[in-house]
Amino acid sequence: AVNNAFCVKTRHPLAVRYNDTSVLEMHHVAAACALMFGEEKLKIFVNCEERVISTIRSCLIACVLATDISSHFGDLNKFKGRVSSDSFLKSEEALPTDQMLLLQVVTHACDISNPAKEGWVYMRR
């Protein structure tokens, strides 16, 4: 297994493709979107409005990119700042942004939680 730093340092083709930015996350979201929107048998959004598809895709991209550990502390500080405000998830104009931030934090928490599991659960394949 490799990580983003390794890909960048070795000039892996994915690092070159994604300009050394969230290399593996960009690859994962691109592969997921290629399947969801490219494979005929997997086109699960055929009956959705373009507005809905665009929202889903934006959410998917934001959540997957939130799993990049290099942005952990910046994202955590942003979340702490919003949660400490009296308007978090209450302000009508900030609600969509707060909801997206919350989705990103939950996705990131799920991503980094594996090492906290018991060894036999973590190592199970």
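Throughout, residue positions are numbered sequentially from 1 according to the sequence presented.
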- prompt: Any chain of hydrophobic side-chain contacts (each under 4.5 Å) joining Leu102 to Leu95?
  reply: yes

message: Are more than 12 heavy atoms, taken from residues, nucleotides or ligands other than Asn47, located less than 6.0 Å from that residue's CG atom?
response: no

task: Determine, stepwise, if the pair Asn4 / Ser70 fulfils side-chain contact (heavy atoms from CB on, under 4.5 Å).
output: CA-CA 9 Å; Asn4 287 335; Ser70 70; 5.8 Å; no

- prompt: For Asn3, which residues count as a side chain to side chain contact (heavy atoms under 4.5 Å, CB included) partner, sequence neighbours excluded?
  reply: Ala5, Phe6

task: Could you name each residue pair satisfying ring pair (Phe, Tyr, Trp, His ring centres under 6.0 Å) that touches residues 22-59, not counting sequence neighbours?
output: Phe37-Phe45

field: From Ser91 atom OG to Asp86 atom CG, the distance as rounded to the nearest 0.5 Å
entry: 11.5 Å

- prompt: Taking only residues two or more places apart in sequence or in another chain, which ones pass side chain to side chain contact (heavy atoms under 4.5 Å, CB included) with Cys110?
  reply: Val106

message: Test side-chain contact (heavy atoms from CB on, under 4.5 Å) on Asp75 and Val105; report intermediate values, then the result.
response: CA-CA 8 Å; Asp75 293 346; Val105 168; 5.8 Å; no

- line: d(Leu60 CG, Leu65 CG) to nearest 0.5 Å is 9.0 Å

statement: Residue set satisfying side chain to side chain contact (heavy atoms under 4.5 Å, CB included) with Glu92, at least two apart, ordered chain then number -> none

task: Using the side chain to side chain donor-acceptor pair (under 3.5 Å) rule, collect all pairs that involve residues 96-105, keeping only residues at least two apart or in two chains.
output: Arg82-Asp98

Connected hydrophobic set around Val46, excluding itself, where side chains approach under 4.5 Å: none

query: Which residues, ordered by chain and number, are linked to Leu103 in its hydrophobic cluster, where ILVMFWY side chains connect at heavy-atom gaps below 4.5 Å, directly or through other members?
result: none

- prompt: Once you round to the nearest 0.5 Å, how far does SG of Cys63 lie from CG of Asp111?
  reply: 11.5 Å

field: From CA spacing to verdict: side-chain contact (heavy atoms from CB on, under 4.5 Å), Val64, Thr107
entry: CA-CA 8 Å; Val64 172; Thr107 303; over 6 Å; no

- prompt: For Arg11, which residues count as a salt bridge (Lys or Arg N to Asp or Glu O under 4.0 Å) partner, sequence neighbours excluded?
  reply: none

List, one per line, each side-chain donor-acceptor pair under 3.5 Å for residues 15-22, sequence neighbours excluded.
{"residue": "Thr21", "atom": "OG1", "partner": "Asn19", "partner atom": "O", "Å": "3.0"}
{"residue": "Ser22", "atom": "OG", "partner": "Asp68", "partner atom": "OD2", "Å": "2.6"}

- prompt: Met100 and Cys59: which non-hydrogen atoms are nearest, and at how many Å?
  reply: CE-CA, 3.6 Å

Gap separating the SG atom of Cys33 from the CD1 atom of Ile53, nearest 0.5 angstrom: 11.5 Å

field: Nonpolar side-chain network containing Ile69, other nodes, edges under 4.5 Å
entry: Ile112

message: For Glu49, give me all partners under salt bridge (Lys or Arg N to Asp or Glu O under 4.0 Å), at least two apart in sequence or on another chain.
response: Arg51

query: Run the side-chain contact (heavy atoms from CB on, under 4.5 Å) check on His12 and Val23 step by step: do they pass?
result: CA-CA 9 Å; His12 189 280; Val23 176; 5.7 Å; no

Pairs satisfying ring pair (Phe, Tyr, Trp, His ring centres under 6.0 Å), at least one member in residues 51-76, at least two apart: His72-His108

message: I'd like to know if Ile44 and Val52 are part of one continuous hydrophobic network [Ile/Leu/Val/Met/Phe/Trp/Tyr, side-chain heavy atoms within less than 4.5 Å].
response: yes

message: Tell me whether Ser54 contacts the main-chain N or O of Glu50 through its side chain, where contact means a donor paired with an acceptor under 3.5 Å.
response: no

query: Side chains of Met26 and Ile61: does their closest heavy-atom pair fall under 4.5 Å?
result: no

